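To start, I am sharing the structure in question, which I have written as structure tokens.
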There are 2 protein chains.
Amino acid sequence: MVHELEAICQILNEQQYKLTPQRKVILKALLNHSNDHLSAEELYEIVKRQNPDIGLATVYRTLDLLAELDILQKMNFGDGRSRYEFNTQDIHHHHHLICTSCGKVTEFDDDLLESLESMIQRRTGFDINDHDLKFYGVCKDCSGQDVNPTTGYPRKTTVHKTR
Amino acid sequence: MVHELEAICQILNEQQYKLTPQRKVILKALLNHSNDHLSAEELYEIVKRQNPDIGLATVYRTLDLLAELDILQKMNFGDGRSRYEFNTQDIHHHHHLICTSCGKVTEFDDDLLESLESMIQRRTGFDINDHDLKFYGVCKDCSGQDVNPTTGYPRKTTVHKTR
DNA sequence: GAAATGAATGAGAATAACTTTCAATTAGGT
DNA sequence: ACCTAATTGAAAGTTATTCTCATTCATTTC
């Protein structure tokens with residue numbers, strides 16, 4: 001649960017990575033938006049305000065590095081770009097609710113899947129060590145609206161499904 | 001549960017879509033590989049053997065059309081390309097096991113999530129109409145080598161090209 | 001304290017997976 | 001057979017991301 005600058009910098013140091021000003025600015029921005037599931041481009045826009053000379057490639061490289069170090073988790077919410085969140089130890093207990101109208105991602109905690117995992121493990125011989133559960137629907141704020149044209153949600157056509 | 005050529009052709013007809021030879025070839029290939037979660041490019045390679053003049057854009061367009069008609073389901077398994085499977089009525093009861101070593105995708109049926117959905121609905125006001133559950137692990141055929149050397153945890157974001 | 005060395009950076013080119021454009025072809029009704 | 005809108009292939013365009021490479025920066029070495 002590494003959610004503060006000091007601790008992350010220490011990890012970088014330990015692994016012989018340099019603490020460049022760019023990395024610090026990126027980390028601070030990530031920490032200031034730790035609930036926002038930012039994409040690389042969104043993060044770049046934020047970071048550019050602090051340091052206009054920073055390059056997009058550096059943002060991508062830093063995100064890759066932080067994901068490699070398991071500080072961040074690279075996620076895919078189906079909108080065509082990767083999004084990042086801080087990695088927690090209990091990834092097994094937190095899922096995502098994705099609003100197909102506004103694209104907002106919120107989180108939900110639960111551990112109902114543990115039993116399911118061991119059942120699958122037993123039945124299929126598949127050695128599970130992670131899962132990824134997403135719920136698609138319409139959040140309270142958007143009830144009634146249809147697809148958001150800017151984000152392109154939903155990628156799945158379930159909103160129009162006849163059931 | 002439209003898994004045969006006749007039925008699909010009828011749907012296309014009903015919706016005023018033309019039954020071009022390209023579409024027929026693509027449909028046949030999809031039906032012949034209905035368990036393979038093909039990507040557009042993979043399907044293109046297969047289809048080109050029957051009809052070398054077919055264009056990649058046509059494959060993409062046909063996949064889009066079939067997804068739009070809810071005949072196919074467009075899926076994202078985290079390898080950077082969309083993959084397709086025939087849509088079943090009971091998508092709510094089938095999940096995916098993704099091998100982080102060889103990239104193979106297999107399916108698993110279950111309906112434990114229904115109760116979870118209504119609970120979330122009640123608690124958050126989020127009106128859920130679909131979900132997407134993936135398990136990451138190592139299949140029976142592979143012995144787990146795909147771990148992040150720093151942590152020993154599996155790499156969720158690793159890209160596995162299917163050959 | 002300057003030089004050497006390697007990591008990290010920015011800019012822009014490259015890539016991969018699509019998507020769009022557009023002129024030419026064709027399915028399906030008449 | 002004819003008409004017309006739908007469909008197609010080829011190629012250009014787009015978008016997110018990665019790569020290349022010359023330059024800069026931080027450390028270590030002298």
Side-chain angles (χ1 to χ4, degrees), chain A residues 9 11-27 37-45 47-48 50-69 72 74-84 103 149-153 155-156, chain B residues 8-27 37-45 47-48 50-69 72 74-84 103 157-163:
Chain A
C9 290
I11 292 175
L12 290 178
N13 245 327
E14 280 164 11
Q15 314 260 344
Q16 335 275 21
Y17 292 109
K18 291 181 180 166
L19 261 135
T20 66
Q22 291 90 335
R23 282 177 180 165
K24 270 184 221 159
V25 172
I26 290 169
L27 271 169
H37 301 93
L38 294 176
S39 69
E41 200 86 35
E42 286 164 1
L43 180 58
Y44 175 56
E45 287 306 319
V47 140
K48 243 191 340 193
Q50 309 291 313
N51 181 345
D53 290 340
I54 209 163
L56 178 57
T58 298
V59 173
Y60 273 104
R61 281 187 288 233
T62 304
L63 287 170
D64 277 356
L65 173 63
L66 295 173
E68 191 65 28
L69 293 173
L72 292 180
K74 188 177 191 170
M75 315 240 56
N76 189 313
F77 295 123
D79 66 344
R81 65 197 68 186
S82 292
R83 294 181 173 278
Y84 297 80
T150 37
T151 61
Y153 276 100
R155 289 214 111 179
K156 326 184 102 197
Chain B
I8 298 171
C9 290
Q10 201 189 322
I11 291 175
L12 290 179
N13 244 325
E14 281 164 10
Q15 315 259 343
Q16 335 277 17
Y17 292 109
K18 290 180 179 172
L19 260 131
T20 65
Q22 291 91 333
R23 283 178 179 164
K24 271 184 222 161
V25 172
I26 290 170
L27 270 169
H37 299 95
L38 294 176
S39 68
E41 201 86 34
E42 286 164 1
L43 179 58
Y44 176 57
E45 288 306 319
V47 140
K48 245 192 338 196
Q50 309 291 314
N51 181 346
D53 290 339
I54 208 163
L56 178 57
T58 299
V59 173
Y60 274 104
R61 281 186 287 231
T62 304
L63 287 170
D64 277 356
L65 174 63
L66 295 173
E68 189 66 28
L69 293 172
L72 292 180
K74 189 177 192 170
M75 315 239 56
N76 189 312
F77 295 123
D79 66 344
R81 64 196 71 185
S82 292
R83 294 182 172 280
Y84 297 81
T157 53
T158 307
V159 172
H160 298 282
K161 308 263 180 188
T162 46
R163 219 168 309 259

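Model, not experiment: these values are computed from the prediction. Note on naming: letters A, B, ... go to the chains in the order of the sequence lines (proteins, then strands), and numbering restarts at 1 for each one.
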| note | note: A:Asp79, atom CG; D:dT15, atom P; distance rounded to Å ~ 14 Å

| What nucleotide among C:dG10, C:dT19, D:dT18 has an atom nearest to a side-chain atom of A:Ile54? |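 Taking heavy atoms from C-beta onward, the closest nucleotide is C:dG10.
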
| task | Measure the distance from CG on A:Leu12 to C1' on C:dA8 and round it to the nearest whole Å. | result | 13 Å

Taking N or O atoms only and anything under 3.5 Å, show me the protein contacts with nucleotides 20-23 of chain C, one pair per line.
from: C:dT21; atom 1: O4; to: B:Arg61; atom 2: NH1; distance (Å): 3.2

| request: Rounded to the nearest angstrom, tell me the gap between atom NZ in B:Lys48 and atom P in D:dA10. | output: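 So the NZ-P distance, B:Lys48 to D:dA10, works out to 10 Å.
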
| query | To the nearest 10 degrees, what angle separates the axes at the start and end of the helix from C:dG1-D:dC30 to C:dT30-D:dA1, five pairs each? | reply | 20°

| field | Length of the line joining A:Leu38:CG and D:dA16:C1', which is rounded to integer Å | value | 16 Å

| Rounded to the nearest 0.5 Å, how far apart are OH of B:Tyr84 and CG of B:Leu72? | 8.0 Å

| task | Enter the distance from B:Tyr60:OH to B:Ser82:OG here, rounded to the nearest 0.5 Å. | result |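 OG of B:Ser82 is found 8.0 Å from OH of B:Tyr60.
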
| query | Nearest-Å distance, CZ (B:Arg81) to C1' (C:dT19)? | reply | 17 Å

| query | Taking only residues two or more places apart in sequence, or in another chain, which ones meet B:Phe77 in a ring pair (Phe, Tyr, Trp, His ring centres under 6.0 Å)? | reply |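 Here the qualifying residues are B:His37, B:His96.
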
| Just checking A:Glu41: base, sugar-phosphate only, or nothing, at a heavy-atom cut-off of under 4.0 Å? |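 Nothing, no nucleic acid heavy atom in range.
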
| note | Rounded to whole Å, the CG-C1' distance (B:Asn76 to C:dC18) equals 13 Å

Determine all donor-acceptor pairs shorter than 3.5 Å in which one atom belongs to a side chain in residues 10-27 of chain B; sequence neighbours excluded.
from: B:Gln10; atom 1: NE2; to: B:Glu14; atom 2: OE2; distance (Å): 3.0
from: B:Thr20; atom 1: OG1; to: B:Arg23; atom 2: N; distance (Å): 3.1
from: B:Arg23; atom 1: NH1; to: B:Lys18; atom 2: O; distance (Å): 2.7

| task | Round to a whole Å and report the spacing from CG of B:Leu56 to C1' of D:dA12. | result |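 After rounding, the gap between these two atoms is 14 Å.
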
| remark: Correct closest heavy-atom pair for A:Arg81 and A:Ser39 would be CD-CB, 3.5 Å

Just the table, please: protein N/O against nucleotides 27-29 of chain C N/O, every pair under 3.5 Å.
from: C:dA27; atom 1: N3; to: B:Lys18; atom 2: NZ; distance (Å): 3.1
from: C:dG28; atom 1: OP1; to: B:Leu19; atom 2: N; distance (Å): 2.8

| field | Non-neighbouring partners of B:Tyr44 that pass side-chain contact (heavy atoms from CB on, under 4.5 Å), sequence neighbours left out | value |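 If we apply the side-chain contact (heavy atoms from CB on, under 4.5 Å) test to B:Tyr44, skipping adjacent residues, the hits are B:Glu41, B:Lys48, B:Ile54, B:Leu56, B:Val59.
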
| said: With nearest nucleotide decided by heavy atoms, which residue, A:Leu65 or A:Tyr44, maps closer to the 5′ end of DNA chain C? | reply: A:Leu65

| query | CZ of B:Arg83 to CG of B:Asn76: how many Å apart, nearest 0.5 Å? | reply |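 One gets 10.0 Å once the value is rounded to the nearest 0.5 Å.
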
| task | Would you kindly give the OH-to-P distance between A:Tyr60 and C:dA8, to the nearest whole Å? | result | 20 Å

| query | Looking at B:Ser82, does any N or O in its side chain come under 4.0 Å of the phosphate oxygens OP1/OP2 on C:dC18? | reply | yes

